Amino acid sequence: MTTVRDLQSMAGAEPITMLTAYDAVTAAIVEEAGVDVVLVGDSMGNAVLGHEDTLPVTVDEMAAHVGAVSRGTEEALVVADMPFLSVGADESESIRNCGRMLKEAGANAVKLESGPHTIELTERLTELGIPVMAHLGLTPQSVNQTGYTQQATDREEAEEMLELARAHEEAGAFALVLEHVPANLAAQVTEALDIPTIGIGAGGDCDGQVLVFTDVVGLAESSPPFAEQFGDVRSEMASAVGDYVDAVESDAFPAEEHADSESELDDIY
Ligand code: KIV
């Protein structure tokens, strides 16, 4: 099984691959393809649950989906993304919510959208045996304050981000996601830290890359500009379902081989 220590030894030596998954079937495909870290992102809010953004995702929903992903994987590190307001307001509640992901759902670590308010919590969770992946830059749970635009684009914000990155490393975070920040800033943060950085829209100098599953396979209706579509699963699914509808409507399905009959039941009515 991949551990947080394995990831740390990969930093700078070989690229770390991380991808989201929200169910057991997808997680198994993702793992079989060789992905090191499966993130049960709260992106499931907009990627698969039909919400406008990530804010409505609940702790119960996250635990259920993390459970499914854990059951679908054997080797990959499974990271539970803590939903909006599930951490930060109250320490005991934050610890309980994070603990559920490991105790109840089978995650190996949690990810927190990070800021000054998550430094102490990162330290406490790490002390308690809950590995923490930090996340800086564009943090979609703050959409109402920042929108989805690139973050840390001026010197002051960039310096602040570097300081926050260092503070989370010191607090015990085992990795750091950098989302939608200038590539030259991500490169310097990566250089400054010992823990691996995992970029999304942050250029090629991070220690690893993460994307959202539905963007990668071409299932999403729309994707952010920094995502790359490596397949066209949406068309493939639409075509299969269309063929099924046509087959039922034209009486081509089911055929004889799709059901059995019992001769003694021919005249019960
Ligand atoms: O929720 C998510 O999928 C994420 C990744 C995009 C990093 O936070």
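In each ligand, atom 1 is the first atom listed, and ligand 1 is the first ligand listed. Small disclaimer: the values here were computed from a predicted structure and weren't measured.
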| said: Is the contact between H135 and ligand 1 made by the side chain, the backbone, both, or neither, using heavy atoms and a 4.0 Å cut-off? | reply: side chain
| query | Numbering the atoms of ligand 1 from 1, which are under 4.0 Å from a heavy atom of T20? | reply | 3 (O)
| Of the protein's non-hydrogen atoms, which lies at the shortest distance from atom 4 (C) of ligand 1, and what is that distance? | L39 CD2, 3.7 Å
| query | For the side chain of T20 and the backbone of F213, is there at least one donor-acceptor N/O pair under 3.5 Å apart? | reply | yes
| query | Distance-only, no hydrogens or angles: does the E169 side chain make a donor-acceptor pair with backbone N or O of D194 under 3.5 Å? | reply | yes
| Candidate with minimal heavy-atom separation from atom 1 (O) of ligand 1, of S43, A21, P224, P83 | S43
| query | Would R124 and E127 pass as an ion pair if we require N to O under 4.0 Å? | reply | yes
| E163, CD: over 12 other non-hydrogen atoms inside 6.0 angstrom | no
| said: When you measure from the side chain of Q229 to the backbone of G231, do you find a donor-acceptor pair of N or O atoms at a distance under 3.5 Å? | reply: yes
| said: Given 3.5 Å as the limit, does a donor-acceptor pair link the side chain of S114 with the main chain of H135, or not? | reply: yes
| If we only count N/O pairs under 3.5 Å, is Y22 in contact with ligand 1? | no
| If you count the atoms of ligand 1 from 1 in the order shown, which ones are under 4.0 Å from a heavy atom of G41? | 1 (O), 2 (C), 3 (O)
| task | Please confirm whether K111 comes within less than 3.5 Å of ligand 1 when only nitrogen or oxygen atoms on both sides are compared. | result | yes
| query | Of all the non-hydrogen atoms in the protein, which one sits nearest to atom 6 (C) of ligand 1, and at what distance? | reply | I200 CD1, 3.6 Å
| Closer than 4.0 angstrom: is that true for some heavy atom of M18 and an atom of ligand 1? | no
| query | Would one find an N or O of D42, backbone or side chain, under 3.5 Å from an N or O of ligand 1? | reply | yes
| said: Any carboxylate oxygen within less than 4.0 angstrom of a Lys/Arg side-chain nitrogen, looking at E170 and R166? | reply: no
